[in-house]
Amino acid sequence: MTHLQNDRFIKALLKQAVDRTPVWMMRQAGRYLPEYRRVRAQAGSFMNLCTNPELACEVTLQPIDRFGFDAAILFSDILTIPDAMGLGLSFTEGEGPRFAHPITSAADVANLPRPDPNQELGYVMQAVRLIKRELNGRAPLIGFSGSPWTLATYMVEGQSSKNFQKVKSLMFEQPHTAHQLLAKLAQAVTDYLNAQIDAGADAVMIFDTWGGALSHADYLEFSLAYGRQIRSQLKTERNGQTIPCIWFTKGGGLWLEAMADSGFDALGLDWQTDVASARARVGGKVALQGNLDPVSLYAGPDVIRGKVAAILEAYGNGSGHVFNLGHGILPDVNPDHVAAMVNAVQELSPAYHTTG
């Protein structure tokens, strides 16, 4: 087992003392980096890049090499599970993901297979093992999956959606079928994340990207309940090392208390949630991750530094905070502005931590 030379990300998720606030960034391996665009062109397509372990490893490491982030996140996509279930995933430039065989009936749900993560998704596990070897302890590796609800939205809609008419109609008119779909997805996500942990992931994150589209009652029943179920079945350690789990619902600020009671080690915050009030509301039950507005990275370095300072001050003293954006970085951000964010966190956050 490779010893983690930089474990402040893991420690912060577990609310243990750190010398400074750790920082990483959602979509940190992506189109804003010229080195990523070169590898993406070499791969020929987004799916080719995702399914090639060597190239996935290369782009995962690029932001670690460039910025010195405190965590690497596996380069993959949240829709690998539905693709492994036979729905026929493809990506069209400028249009996003599409499924050739979306879910349209209860029979479709009944016929969904339970993918073996080491077979149908073996390319992901190969990438995890390769990344861990190449990281060589420089930073922990985050594995991830989409949440059952978020995966279901794409599987039923067949693509991205603005109003989620099809999947919500299923939920309202055929709740039993919706729950069958979500239960199958919860099992598949559990299998997938446990396999990533076995392959070497040091932490895992569940992206509930579209949970915020639900009403209060529907969120608790159709999204968070399945997150709680997954969490209860996840491996929490490997070789004596604790494996933390982060839950992130975009637009989820209404449900912080319920999320904090669901067994996760940390909650991701979007940029619309105040960090100080979030910390007060969760009462020390969980660590918090976030939550700089991604659009602020278009501003100059001085503005970015001020925004970073405000978030650090709002969280206040002590561990339990991982600095991140409130959602993924946008594709045309200047990499120098990312460096300004990282430098600001590294320079300003030690004042909020006392060690020794």
Residue [X] excluded, over 12 heavy atoms near [atom1] under 6.0 Å:
X      : atom1 : value
Gln165 : CD    : no
Glu313 : CD    : no
Arg37  : CZ    : yes
Lys15  : NZ    : yes

Parallel, tilted or perpendicular: which fits the ring planes of Phe207 and Phe248, with parallel below 30° and perpendicular above 60°?
perpendicular

Original post:
Do the ring planes of Phe9 and Trp24 sit parallel (below 30°), tilted (30 to 60°) or perpendicular (above 60°)?
Top reply: perpendicular

Side-chain donor-acceptor pair present, [X], [Y], cut-off under 3.5 Å:
X      : Y      : result
Arg228 : Ser262 : yes
Ser147 : Thr150 : yes
Tyr219 : Trp149 : no
Tyr315 : Thr21  : no
Gln289 : His321 : no
Thr273 : Trp271 : no
Tyr192 : Thr80  : yes
Asn334 : Tyr298 : no
His337 : Tyr32  : no

Walk me through whether His179 and Tyr226 qualify under side chain to side chain contact (heavy atoms under 4.5 Å, CB included).
CA-CA 9 Å; His179 280 302; Tyr226 290 96; 2.6 Å; yes

Original post:
Taking NZ, NE, NH1 and NH2 as the nitrogens, is one of them in Glu257 or Lys285 under 4.0 Å from a carboxylate oxygen of the other?
Top reply: no

Determine, for Phe91 and Arg98, whether the Lys NZ or Arg CZ falls below 6.0 Å from the six-membered ring centre while staying within 45 degrees of the axis.
no

Taken to the nearest 0.5 Å, the spacing of Ile103 CD1 from Met155 CE works out to 4.5 Å

